[in-house]
Amino acid sequence: MRQSLTGGMVMLSEMKESLPPSEKKIAIFILEHPHEAIHCTAAQLGELSHTSSAAVMRLCKSLGLKGLQELKLRISGDLQKEATSAYRDIQPGEETDAIVDKVTNNNIQAIRETTELVDYEGLQKAATALAGADRLHFFGVGASGIIAQDAQQKFLRMNIATSAFTDVHNAVMNIANIDEKDVLIGISFSGETKETSLVMEEAKKRGATTISITRYGQNTVASFADIPLYISASREIPAPFRSGATSSRMAQLHMIDLLFVKVVTAHFDEASGYFEQIQDIMKRLK
């Protein structure tokens, strides 16, 4: 199955601060010298970054890549892309046109970077699990809870028993009855939300298939997922306003849309029948 041929620079940028010291040195070198890095062997990269070839291979593993060749291919793809605007925060007193421009730019950037991080094989596995489940359970806290509710509203159209929980007490009562025919999707931008980690852990213990939607990189919520899916970290420039929080929500919604459309297109005839029944009933309400 095809994998993205871009996103190497995004991966390095978003993982940089959480990497071990030697791997961080390599990541920084590649980010600062991408044109040179794509022509280097593991040994050369280790020498140029004052580390080792073994550290280079560990970095690739930390990024979830098969090896240095895949990392170099992704970086090469990044270098061939048209220049895009970076995330821009909104300052006090911004004019309306600037606000419209910056918010739009940040949302597009989050969706673009999330698309570059898509694991096509993981997306396929997640869609297959969702389509074959007896029950779907979406869970998120705070802003991620809104994403869970959006996902519930979408997947109800597929005639699958679907629930969304934003309160851990209700979620725990629900999970007490979960089994191996169920799928639980834990949504947490940081990947470190305590409640979401607990719900994921308990669902996994009971044999349910677990799927996580978190920012890219190693995190607790993803560690409990059978199928981890990642979105862009929506990096923010320090400023009074955190417009990146809005961008991360757009990235999460984008991932839910990818999952839903993947399930619908794989079961189009069945889905069309359900949609027609819904439309018929809705017409009677007008």
Side-chain angles (χ1 to χ4, degrees), residues 1-8 10-11 14 63-65 74 77-78 81 84 104 106-133 135-140 143-160 162-164 182-191 196 200 209-217 219 221-222 225-234 244-272 274-275:
M1 184 174 292
R2 184 175 79 88
Q3 289 290 333
S4 175
L5 295 180
T6 58
V10 174
M11 290 178 171
E14 298 193 357
L63 295 174
L65 301 177
R74 283 177 174 261
D78 291 334
K81 293 187 304 183
T84 57
T104 301
N106 291 350
N107 286 344
I108 292 173
Q109 188 75 357
I111 292 173
R112 180 182 291 113
E113 291 190 359
T114 294
T115 301
E116 292 179 345
L117 294 173
V118 169
D119 175 357
Y120 289 86
E121 184 177 349
L123 186 66
Q124 174 66 60
K125 288 180 179 178
T128 299
L130 292 171
R135 295 178 295 179
L136 303 181
H137 312 270
F138 293 91
F139 180 77
S144 293
I146 299 172
I147 309 304
Q149 293 171 335
D150 176 80
Q152 179 195 27
Q153 190 270 342
K154 284 184 170 65
F155 280 92
L156 277 174
R157 304 178 196 176
M158 288 298 297
N159 196 29
I160 303 173
T162 307
S163 59
D182 292 6
V183 173
L184 183 134
I185 302 90
I187 305 168
S188 168
F189 172 64
S190 69
T196 308
M200 290 282 288
T209 299
T210 52
I211 300 171
S212 64
I213 299 177
T214 69
R215 65 183 293 172
Y216 183 77
N219 59 75
V221 172
D226 296 310
I227 308 170
L229 300 176
Y230 298 106
I231 65 168
S232 166
S234 300
T246 300
S247 301
S248 65
R249 188 187 76 245
M250 295 302 297
Q252 289 173 321
L253 288 170
H254 183 54
M255 182 58 69
I256 293 296
D257 285 347
L258 292 177
L259 284 170
F260 179 67
V261 174
K262 185 76 178 75
V263 172
V264 169
T265 54
H267 301 81
F268 186 75
D269 292 339
E270 185 179 2
S272 296
Y274 296 141
F275 293 165

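- Interatomic distance, L65 CG to R74 CZ, rounded to the nearest 0.5 Å: 5.5 Å.
- With M158 as reference, V263 is the one residue of V263, L130, L136 to meet the side chain to side chain contact (heavy atoms under 4.5 Å, CB included) rule.
- Across all non-hydrogen atoms, the minimal contact from S188 to V221 is CB-CG2, 4.1 Å.
- Here L117 contributes atom CG and M255 contributes atom CE; the two are 8.0 Å apart, rounded to the nearest 0.5 Å.
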Q: Assess whether side-chain hydrogen bond (donor to acceptor under 3.5 Å, both in side chains) is satisfied between Q153 and Q149, documenting all intermediate values.
A: CA-CA 6 Å; Q153 190 270 342; Q149 293 171 335; over 6 Å; no
Q. Can you list the steps and then say if T128 with Q124 is a side-chain hydrogen bond (donor to acceptor under 3.5 Å, both in side chains)?
A. CA-CA 6 Å; T128 299; Q124 174 66 60; 3.1 Å; yes
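- The closest donor-acceptor contact from the side chain of D226 to the backbone of T210 lies under 3.5 Å.
- The NE2 atom of H254 sits 13.0 Å away from atom CD1 of I147, with the distance rounded to the nearest 0.5 Å.
- Listed by chain and residue number, H137 satisfy the side chain to side chain donor-acceptor pair (under 3.5 Å) test with S163 (two or more places apart in sequence, or in another chain).
- Taking CD1 of I256 as the reference point, atom CD of Q152 lies at 11.5 Å (rounded to 0.5 Å).
- Remark: the backbone N or O of L63 is paired with a side-chain donor or acceptor of Y216 at under 3.5 angstrom.
- The minimum heavy-atom distance linking A222 with P228 is given by the pair CB-CB, 4.2 Å.
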(Q) Applying side chain to side chain contact (heavy atoms under 4.5 Å, CB included) to L229 and D119, what does each step give before you reach the verdict? (A) CA-CA 7 Å; L229 300 176; D119 175 357; 5.5 Å; no
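- Salt-bridge check for R112 with E116: failed, with every basic side-chain N at 4.0 Å or more from each acidic carboxylate O.
- Taking every heavy atom of both residues into account, Q252 and S144 meet most closely at NE2-OG, 3.3 Å.
- Taking every heavy atom of both residues into account, N219 and S190 meet most closely at CB-O, 4.0 Å.
- Summarising the geometry, atom CZ belonging to R249 is positioned 12.5 Å from atom CZ belonging to F189; distances are rounded to the nearest 0.5 Å.
- With hydrogens and angles disregarded, a donor-acceptor distance shorter than 3.5 Å links the side chain of T114 to the backbone of S232.
- Put simply, the side chain of F139 does not reach to within 4.5 Å of the side chain of I185, judged on heavy atoms.
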(Q) One pair to check against side chain to side chain contact (heavy atoms under 4.5 Å, CB included): F138 and T162. What are the steps and the verdict? (A) CA-CA 8 Å; F138 293 91; T162 307; 3.6 Å; yes
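- Considering all non-hydrogen atoms of both residues, I160 and A133 come closest at CG2-O, 3.9 Å.
- Atoms CD and OG1, on E113 and T115 in that order, are 10.0 Å from each other to the nearest 0.5 Å.
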Q. Given I231 and I213, is the side chain to side chain contact (heavy atoms under 4.5 Å, CB included) satisfied, shown in steps?
A. CA-CA 7 Å; I231 65 168; I213 299 177; 4.0 Å; yes
**Q.** Full working for side chain to side chain contact (heavy atoms under 4.5 Å, CB included) between R215 and S248
**A.** CA-CA 9 Å; R215 65 183 293 172; S248 65; over 6 Å; no
